[in-house]
Amino acid sequence: MGFGLRARKRIGGKEGSAAIREALGRKSVVLIGLMGAGKTAIGRRLAKRLDLNFTDADSEIEQAAGQNITDIFSEHGEAYFRDGEQRVIARLLKNGPQVLATGGGAYMSERTRGNITRHGVSVWLKAELDVLLERTGRRDNRPLLKAGDPEAVLKRLIDERYPVYANADITVQSRDVAHEVIVDEILTALNQKMVSQENGERRGS
Ligand code: S3P
């Protein structure tokens, strides 16, 4: 059954946003997914709709290191980056509520997954290979994609990571539609997961 216009307004509008913020408490909405899934672009818009701060974990890692991600990888290696990534995300999760976009590898760390589960609601932006390939091809800032044929690397990462990303609280299909369409879908899912569920629990108790 689809939602009527009134219900859509309620979920996507100011009222719906306030209800989601209330249900979040100190928790963050944490976007996960592969490079090119749209975590930053969609995260910024989602934060605006929810009237929350937006934080990009990769930018925070760059700030903390005083270097961009390409240089961190080439000068110190991936293990060093992952270590910093875990620590920075653990720190950022203390600042909720907010919308937090994480780098594609972050959720693969068991420690980070645990922290996200405790302090956030995870939203997986799931995208098909062709979407990821087209979007990541526009920029030259992903060290992992320079290590080999980008299509082969992304295919391998899909195989390795999608079964783990599937543990997210919410999954939304990222695709070539207006960002606001995806944002609306996330708001609807957050509402169903957090607000309706909470109301249901209250009614049942
Ligand atoms: C990575 C994704 C990147 C960045 C780093 C490693 C990954 O973030 O953290 O290059 O392991 O998938 P985006 O997903 O924001 O591109």
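Quick note: numbers below take in every heavy atom, side chains included, and nothing from hydrogens, waters or symmetry partners. Atoms within each ligand, like the ligands themselves, are counted from 1 in listed order.
Other residues, nucleotides and ligands contribute at most 12 non-hydrogen atoms within 6.0 Å of the CZ atom of Arg44.
For the pair Ile186 and Ile170, the minimum side-chain heavy-atom distance is 4.5 Å or more.
When hydrogens are left out, the protein atom nearest atom 12 (O) of ligand 1 is Arg161 NH1, 2.7 Å; that is the closest non-hydrogen contact. Closest protein heavy atom to atom 16 (O) of ligand 1: Arg142 NE, 2.8 Å. Of all protein heavy atoms, the one closest to atom 14 (O) of ligand 1 is Lys39 NZ, 2.6 Å.
Listed by chain and residue number, Gln86 satisfy the side-chain hydrogen bond (donor to acceptor under 3.5 Å, both in side chains) test with Arg111 (two or more places apart in sequence, or in another chain). When the side-chain hydrogen bond (donor to acceptor under 3.5 Å, both in side chains) test is applied to Asp83, the partners found at least two apart in sequence or on another chain are Arg87.
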Assess whether ring pair (Phe, Tyr, Trp, His ring centres under 6.0 Å) is satisfied between Trp124 and Tyr107, documenting all intermediate values. CA-CA 10 Å; Trp124 173 22; Tyr107 196 72; 9.0 Å; no
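The atoms of ligand 1 that sit less than 4.0 Å from any heavy atom of Phe81 are 9 (O).
Considering backbone and side-chain N/O of Pro143, none are found under 3.5 Å from N/O of ligand 1. Checked against a 3.5 angstrom limit, the closest N/O atoms of Asp58 and ligand 1 fall inside it.
No hydrogens or angles considered: nothing links the side chains of Gln67 and Glu62 as a donor-acceptor pair under 3.5 Å.
Proximity of Leu144 to ligand 1, defined as any heavy-atom pair under 4.0 Å, is confined to the side chain (atoms from C-beta onward).
At least one heavy atom of Arg82 sits closer than 4.0 Å to an atom of ligand 1.
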